[in-house]
Every structure is written in C-alpha cells, then in structure tokens.
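Treat the numbers as computed from the prediction; the structure is a model and nothing was measured. When a ligand or atom number is given, it counts from 1 through the structure's own listing order.
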Amino acid sequence: MRLVREECQNGFFGDFGGCFVPEQLQPALKEIEKAFLAYKDDPDFLEELNYYLLEYVGRPNPLYFAKRLTEHLNGAKIYLKREDLNHTGAHKINNVLGQVLLAKKMGLKRVIAETGAGQHGVATATACALFGLDCTIYMGEEDTKRQALNVFRMELLGAKVVPVTRGLRTLKDAVDVALEDLIANYKNTYYLLGSAVGPHPYPLIVKHFQSIIGQEARKQILEKEGRLPDLITACVGGGSNAIGLFAPFLDDKDVKIVGVEPGGDGLETGRHAAPLTAGVPGIIHGFKCYVVADSEGNPLPTHSIAAGLDYPGVGPEHSYLKAIGRADYVAVTDNEALEAFKLLSKIEGIIPALESSHAVAYAIKAAPKMRKDQIIIVNLSGRGDKDVQQVFELFNK
Ligand SMILES: *Cc1c(COP(=O)(O)O)cnc(C)c1O
C-alpha cells in the first residue's frame, strides 16, 4: 500500500506525526479534518459542548491542594487536577464528548472505536448512549476475556462489542479491523480515536478537546496562588491527558513540564512501555513517533501495571516536545506507582488510577528537592476504583 505523506503536511510536529495510511483512508480523514476545522470554534458547537461538560461531566473539576501529601514530603506545594471526579472517572470523557458532538454535526449516526483495556470503549459507549448513536466497539478477543466487566459495561450502555479474532487478538488487530470498517463505511460512520495518537488529524483533535484540563488548571492556580506553577506533570500512555494539561503552558518558559512513562519492571529489563525514555523514532498505526521497537523498527511487546499506559507508541507532539527539549520525559516503575497509589489513598483519601499513580510517584520524588514556596500541578487523570481488584490480587498473591 502506498503511503501518502504530502497530503497532510500540516499534520507534522517537526519530524513527527503525519498521516502514513493507505490511500483509501485519505478521504475519510479529510472529511474529519474539514469538519473539525469548521466546527471547533463554531459558537453553537461550543455552546453545546460546554453545556455537557458542565451538566454531564461535572466540569470544572477542582484543582485541589494536597496539604497532607505536601507536609509529608516537606517540599514544594502539590496541587492535584481532579480529572478523577469527572463522570465515568477519568479524563477520557472530555475527548469522547467532543468527538461525538463532531460526528453529530457531520450528520453521522454510527460511531466505531477500538479499545484495549476497555476504558476508551466505555467512555465512547457512554457518549453514544447520551446522544442515541449506534455504537460498535472493536476489541481483541484476548482483551474481551481479560476485561469481561468492561465488555458488560459497554453492553449495558447499548454498544455492540465485536471480539476481533485475527492476529494476536489484541489492540493492534482491533485497530486494523476498525480502520477497515471506516474505509468501507465513512459516509455514515465516525471513527472515534481515544488518545493523542494516530494519523492526522486525530492528535490535533484530541489535544483540542483535552486542553480544557490545562485551561482550567492555569486559571485555577492563578486564582489560588497568583502565579504559574514551577512544574506540571502527567502520566503518558498515548499522551492525551498529558498534552491536555501541557498545551496551555507550552509558551510559559518558566513552567517545567515533565511527562511520566510506565517503566514497568524497570527500563533495563525491557519489560516496560516507555517509548520516549527508551524507544527509537519509527512509524506505528499511521504516524511517526518514538516507538518501543527492536533494531529493525518492529514494535516490541510492552508491559505496564497500568493497562491504560500499555502502548508501544506515543503521541507525535510529545515526541516533538522531547526533540526540542520543551518537555522532559521520565519513567516510573510498577512498584513506584504502586507505592504512590497506596500513599495518596492513605494520606489524602484519594484512590488514584494506576495510570495517574505514575505521575503522583514522580511528584513524590520531585517535591522534596524543591523549595517550599514552589508549586507542582499533578494531573490526576482518573480514579482507582477500577484498579482495586487488581491491586488486591497483587498484595495477596
Ligand atoms: C487511558 C488512561 C490514561 C492514558 O491515556 P493518555 O492518552 O496517555 O492520557 C491515563 N490515565 C487514565 C486514568 C486513563 O484511563
């Protein structure tokens, strides 16, 4: 299949991103780009989006001063951006709601998505239920077994979950099938991507709808502290919650930006999912980014305690921010994330998602090295209710 690069020059972040997809997919992506550019600043569209963010998601969520955690660490002040308090328990709903409204504006009545751990599938099924759209979720058959409860959630929400039985029967195979569906049906179907990854225009669209996180946090910290933070940090899977927090701070040169990748059992073991800290540039799922890959550039199996971070690629804009040195990326191990999960639960009464625990773990390391008048904002991307069973089993094995 011929890869068309010249079609989407503006989908590049430096050398990263782009649109390395089969030619048959180009018309569908063009339609989506056209609609996004037409509606993203349209007053009616914004009014409807803002209505549902307020009344359904529960935004704005608080920027909470974690006083006991701060005192415990005896360093910089730590604020938590409470995405965990959103309806459905994480930041994913921000993006899903925006894209479902876009599909509605495009006159499309059918939405498809792929999901690995099931979180994005549940968020998509939720937004489709809210607007009465036909919803099909592709999921590797292996993943449907591992995540049976999420399959049931999606079905409760009215979605059709299709187990994909080709290849390794996991996320990559589900992506392939979803893309084939889009090629065949784009006249009536919207493909809803769940992170700031994939071919242009998805990284732009997802950043746009997740930037509400950083916009609120920026306003809230100025109200509370009268100045910008010294450090902002978030976990990075595909990179959507991170780019959402980072985007409104990119021009604030004095704000240090750190993305936290899943170091799994440790980078040296090879059992991790940390493309920015331990990968190489390559092409995956239609775009160029850092990839966890072998010397030939083939993606390698990845591992993280947090299913939502377990992906061999990463958003093109993060790849670019690393290349130009605007953001730093570090890795935190499974064990460090677990310790953070326990500490935040015990000391603040907030059980964080295992994904978010990676960002908390980094803040726990960074805060004691900073002055007490300095400020850290940690994006608490989701709540840990979904992870309690998994952690219970880990502690009792
Ligand atoms: C899916 C998920 C992530 C990872 O996705 P990003 O696109 O990197 O934000 C992080 N935290 C939670 C709670 C998630 O559900």
inquiry  = If you apply the rule side-chain hydrogen bond (donor to acceptor under 3.5 Å, both in side chains), what do you find for Glu336 with Tyr362, and how did you get there?
reply    = CA-CA 9 Å; Glu336 290 170 324; Tyr362 173 70; over 6 Å; no
task = Classify the ring geometry between Tyr52 and Phe131 as parallel (under 30°), tilted (30 to 60°) or perpendicular (over 60°).
result =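 Rings of Tyr52 and Phe131: perpendicular, as their planes differ by over 60°.
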task = Using the six-membered ring wherever Trp is involved, compare the ring planes of His87 and Tyr56 and label them parallel, tilted or perpendicular (cut-offs 30° and 60°).
result =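 Plane angle over 60°, so perpendicular.
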key: Cation-aromatic face contact Lys77/Phe65, 6.0 Å, 45 degrees   =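 Satisfied, under 6.0 Å and within 45°.
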Could you tell me whether some N/O pair between [X] and ligand 1 is separated by less than 3.5 angstrom?
X      : answer
Gly237 : yes
Ala242 : no
Lys386 : no

query = Sub-3.5 Å donor-acceptor pair from the side chain of Asp294 to the main-chain atoms of Glu296, do we have one?
reply =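 Yes; at least one donor-acceptor contact below 3.5 Å.
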task = Spell out, as yes or no, whether a donor-acceptor pair under 3.5 Å connects the side chain of Asn86 to the backbone of Gly89.
result =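 Between the backbone of Gly89 and the side chain of Asn86 there is no qualifying donor-acceptor contact (under 3.5 Å).
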ask   = Are the side chains of Leu300 and Pro312 in touch, meaning some heavy atoms are under 4.5 Å apart?
value =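 The answer is no; the side chains never approach within 4.5 Å.
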key: Name of the residue among His91, His120, Lys207 meeting side-chain hydrogen bond (donor to acceptor under 3.5 Å, both in side chains) with Ser240   =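 When side-chain hydrogen bond (donor to acceptor under 3.5 Å, both in side chains) is applied between Ser240 and each of His91, His120, Lys207, only His91 qualifies.
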Please identify which atoms of ligand 1 are closer than 4.0 Å to at least one heavy atom of [X].
X      : result
Gly239 : 6 (P), 7 (O), 8 (O)
Ala353 : 13 (C)
Gly382 : 13 (C)

I need the nearest protein heavy-atom contact for [atom]: residue, atom name and distance, please.
atom                    : answer
atom 11 (N) of ligand 1 : Ser381 OG, 2.7 Å
atom 4 (C) of ligand 1  : Gly308 O, 3.3 Å
atom 14 (C) of ligand 1 : Lys92 NZ, 2.9 Å

query = Side chain, backbone, both or neither: which part of His91 comes within less than 4.0 Å of ligand 1 when only heavy atoms are counted?
reply =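 It is the side chain that touches ligand 1; the backbone stays farther off.
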message = Heavy atoms only: which of Leu309, Ile93, Asn241 lies closest to atom 9 (O) of ligand 1?
response =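 Checking each option, the heavy atom nearest atom 9 (O) of ligand 1 is found in Asn241.
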ask   = Which of these, Ala359, Ser195, Gly384, Cys235, has its nearest heavy atom closest to atom 7 (O) of ligand 1?
value =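 Selected option, by shortest heavy-atom distance: Ser195.
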